[in-house]
Amino acid sequence: MRAVVYQGPYDVAVEEVDDPEIEHPNDVVVDITTSCICGSDLHMYEGRTAAEEGIVFGHENMGIVSEVGEAVSTLEEGDRVVMPFNVSCGFCQNCEEGYTGFCTNVNPGFAGGAYGYVAMGPYPGGQAEKLRVPYADHNALKLPEGREHEDSFSLLADIFPTGWHGTELANLESGESVAIFGAGPVGLMAAYSAKLKGAAEIYIVDQVPSRLELAEEHCDAHAIDFSEGDPVDQIIEEHGGMVDKGVDAVGYQATDPDDVDTDTEDYSYQPAKENPAVVINNLIRVVRPTGELGIPGLYVPEDPGAPDDMAAQGRLGIDFGKFFEKGLKCGTGQCNVKEYNRYLRDMIIEGRADPSWVVSHRVNLDEAPEMYEAFDAREEGVTKVLLEP
């Protein structure tokens, strides 16, 4: 089958790889109808992880069940399903308590597993024609038959639940104000989730005009362009003070607003201007005393391309004194997708939510190398790319 294979930094190719097979009685094989390129894939694409050449990318996957293991009891051939990016067993202590993003059985020596991602277990990704799904009764969420809501349902694998998770980590309540840093796919979904939850005021920070425009149009958010000045000062001036809650949808490859070149239209990745702690510190500044922060943005214990030795070890210069002084609270960690995906699916089915507006491109799998390059460069108009084998 064809699959998107990592060749090295800034290099992926569509190659022929072995078809997946049933390896355990509780497996199913899915014929992929949609797989997504995620911002997290860019960390590997850019060589900012320990990913080895040959890994098949793709942790956001949906499709049609084509083979069923003999122990699977709730799925059959022809079922339309979407899989959480988390691979989990369903019966370890963390899974039983709802923390499926931190399963202790699927990836020995590590809490958590995922398809097609470095250090997340022996699970090839779904940017391919087929995917093996382990613990399938637990991991595959059934969808209505047909092709309706294909774009929206594909986002249930990761970014819609993860955006929602960011607001949950911050304990965002109806009527509160929130500042969201990052208007990539997860940040946009966090802003959309805040709107669905009834947030009174939503501020979203980025420097890519097309992304900020989407946030204004679909999330009723106040767009804050950090290339125009300190985003904290902008939010406080517009809001009339600090906000109730904050969400970091950027992670460790954040850039420092003080270093942004405002004379260029090039929004491409610029490693010399990185400041891994800047978003967290800005949230500490902009959230009111006793407020709460949600940090679904990715941070890693090791970063081969970090701007300094401390960051290379996953250590950041956080303003903890100010954090303590303000009595702030903070929630972190990857999304436990199964905590939310069934309910978000039903909101889509009933017309209560439609996150498909974040999708900018649906292309053939063969176009993946070009789309990785465009998405990595933060090109105008490239927000969420879906791949179709």
- Can H138 and T100 be said to form a side chain to side chain contact (heavy atoms under 4.5 Å, CB included), step by step? CA-CA 10 Å; H138 170 70; T100 55; 4.1 Å; yes
- Message: Does the plane of the ring in F320 sit parallel, tilted or perpendicular to the ring in F324? Use 30° and 60° as the thresholds.
- Response: tilted
- Query: Going hydrophobic residue to hydrophobic residue with side-chain gaps under 4.5 angstrom, can you get from L386 over to V12?
  - Reply: no
- Item | Close side-chain approach of M242 and K326, heavy atoms under 4.5 Å | yes
- Backbone N or O of Q93 within a donor-acceptor pair of the Y99 side chain at under 3.5 Å? no
- Message: Between D244 (side chain only) and S177 (backbone N and O only), is there a donor and an acceptor less than 3.5 Å apart?
- Response: yes
- Task: Would you check if L155 and V82 make a side-chain contact, meaning some heavy-atom pair closer than 4.5 Å?
- Result: no
- Query: Judged by atom type as modelled, is there a donor-acceptor pair below 3.5 Å linking the side chain of D19 to the main-chain atoms of M1?
  - Reply: yes
- Would you say M83 and L156 are hydrophobically clustered, going by side-chain heavy atoms of ILVMFWY under 4.5 Å? no
- Applying salt bridge (Lys or Arg N to Asp or Glu O under 4.0 Å), name anything that partners R315, two or more places apart in sequence or on another chain. none
- Scanning both residues in full, the closest heavy-atom pair of P231 with N282 reads CG-ND2, 4.0 Å
- Hey, what do you get for OH (Y192) to NZ (K197), rounding to the nearest 0.5 Å? 14.0 Å
- Task: Could you give me the CA-CA distance, side-chain angles and deciding distance for R132 and D27, then say whether salt bridge (charged side-chain N to carboxylate O under 4.0 Å, His left out) is met?
- Result: CA-CA 7 Å; R132 180 180 76 91; D27 290 348; 2.8 Å; yes
- D137 side chain to T74 backbone, donor-acceptor under 3.5 Å: yes
- Query: Quick one: does P307's side chain get under 4.5 Å of P276's, heavy atoms only?
  - Reply: yes
- Give a yes or no answer on whether the side chain of N281 reaches the backbone of G317 with a donor-acceptor pair at less than 3.5 Å. yes
- Of all heavy-atom pairs linking V178 and A199, the shortest is CG1-CB, 4.5 Å
- Task: Working to the nearest 0.5 Å, report the span between CG of L344 and CG of N341.
- Result: 7.5 Å
- Query: Should I180 and L212 be regarded as members of a common hydrophobic cluster, given that ILVMFWY residues are connected when their side-chain heavy atoms come within less than 4.5 Å of each other, either directly or indirectly?
  - Reply: yes
- Task: Verify side chain to side chain contact (heavy atoms under 4.5 Å, CB included) between N61 and V30, making sure each step is shown before the conclusion.
- Result: CA-CA 9 Å; N61 310 303; V30 172; over 6 Å; no
- Item | Donor-acceptor contact below 3.5 Å, side chain S360 vs main chain V382 | no
- Have a look at I37 and tell me which of Y45, F57, Y372 forms a side chain to side chain contact (heavy atoms under 4.5 Å, CB included) with it. Y372
- Message: If we ignore hydrogens and angles and just use 3.5 Å, is the side chain of N107 paired with the main-chain N or O of A119 as donor and acceptor?
- Response: yes
- Query: Is there side-chain contact between L143 and R345, with heavy atoms separated by less than 4.5 Å?
  - Reply: yes
- Message: Does any part of the side chain of Y299, heavy atoms only, come nearer than 4.5 Å to the side chain of L316, both counted from C-beta?
- Response: yes
- Query: Taking the six-membered ring for Trp, are H222 and Y203 parallel (under 30°), tilted (30 to 60°) or perpendicular (over 60°)?
  - Reply: parallel
- Query: Should K338 and S88 be marked as a side-chain hydrogen bond (donor to acceptor under 3.5 Å, both in side chains) after you check the CA-CA gap, both sets of side-chain angles, and the distance that decides it?
  - Reply: CA-CA 10 Å; K338 282 184 63 65; S88 56; over 6 Å; no
- Query: So, for Q253 and R48, which heavy atoms are closest and what is the spacing to 0.1 Å?
  - Reply: NE2-NH1, 3.3 Å
- Message: Using the rule given for salt bridge (charged side-chain N to carboxylate O under 4.0 Å, His left out), can you reason through E148 versus R80, listing the C-alpha separation, both sets of side-chain angles and the distance that settles it, and then say yes or no?
- Response: CA-CA 11 Å; E148 189 178 11; R80 185 188 188 202; over 6 Å; no
- Message: Donor-acceptor pair, distance only, cut-off 3.5 Å: does the side chain of N94 make one with the backbone of G101?
- Response: no
- Query: What are the two closest heavy atoms between A249 and G182, and how far apart are they?
  - Reply: CB-O, 4.2 Å
- Pair D206-R378, salt bridge (charged side-chain N to carboxylate O under 4.0 Å, His left out): steps then yes or no: CA-CA 11 Å; D206 208 289; R378 281 64 168 176; over 6 Å; no
- Please report the C-alpha distance between R2 and D366 in whole Å, then the side-chain angles of each, then the deciding distance to 0.1 Å, and finally whether the salt bridge (charged side-chain N to carboxylate O under 4.0 Å, His left out) criterion is met. CA-CA 9 Å; R2 293 175 303 138; D366 292 327; 2.7 Å; yes
- Task: Can you see which heavy atom on M120 is nearest to which on G112, and at what distance?
- Result: CE-C, 3.9 Å
- Tell me whether V133 is reachable from I32 by hopping between hydrophobic residues (I, L, V, M, F, W, Y) whose side-chain heavy atoms are closer than 4.5 Å. yes
- Separation of L298 CG from D248 CG (nearest 0.5 Å): 10.0 Å
- For the atom pair CZ (F153) and OG (S356), what is the distance rounded to the nearest 0.5 Å? 11.0 Å
- N/O donor-acceptor pair under 3.5 Å between K195 side chain and H218 backbone: yes
- Item | Test of ring centre spacing under 6.0 Å for H43 and Y252 | yes
- Task: Can you measure from CE (M62) to OG1 (T33) and round to the nearest 0.5 angstrom?
- Result: 4.5 Å
- Item | Identified side chain to side chain contact (heavy atoms under 4.5 Å, CB included) counterpart of E129 within the set S35, P389, P20 | P389
- D158 side chain reached by V337 side chain, heavy atoms, under 4.5 Å: no
- Has the side chain of D308 got a donor or acceptor atom that lies under 3.5 Å from a matching backbone atom of A311? yes
- Note: C335 and F85 closest approach over all heavy atoms is O-CZ, 3.7 Å
- Measure up the H59 and Y117 rings against each other and bin them: parallel (under 30°), tilted (30 to 60°), perpendicular (over 60°). perpendicular
- Indicate yes or no: at least one non-hydrogen side-chain atom of L196 is less than 4.5 angstrom from one of W164. yes
- Query: Roughly how far, to the nearest 0.5 Å, is the NE2 atom of H239 from the CD1 atom of I235?
  - Reply: 9.5 Å
- Query: Are the side chains of K384 and E60 in touch, meaning some heavy atoms are under 4.5 Å apart?
  - Reply: yes
- Message: Applying a strict under-4.5 Å side-chain criterion to I, L, V, M, F, W and Y, I'd like to know whether V28 and V81 cluster together.
- Response: yes
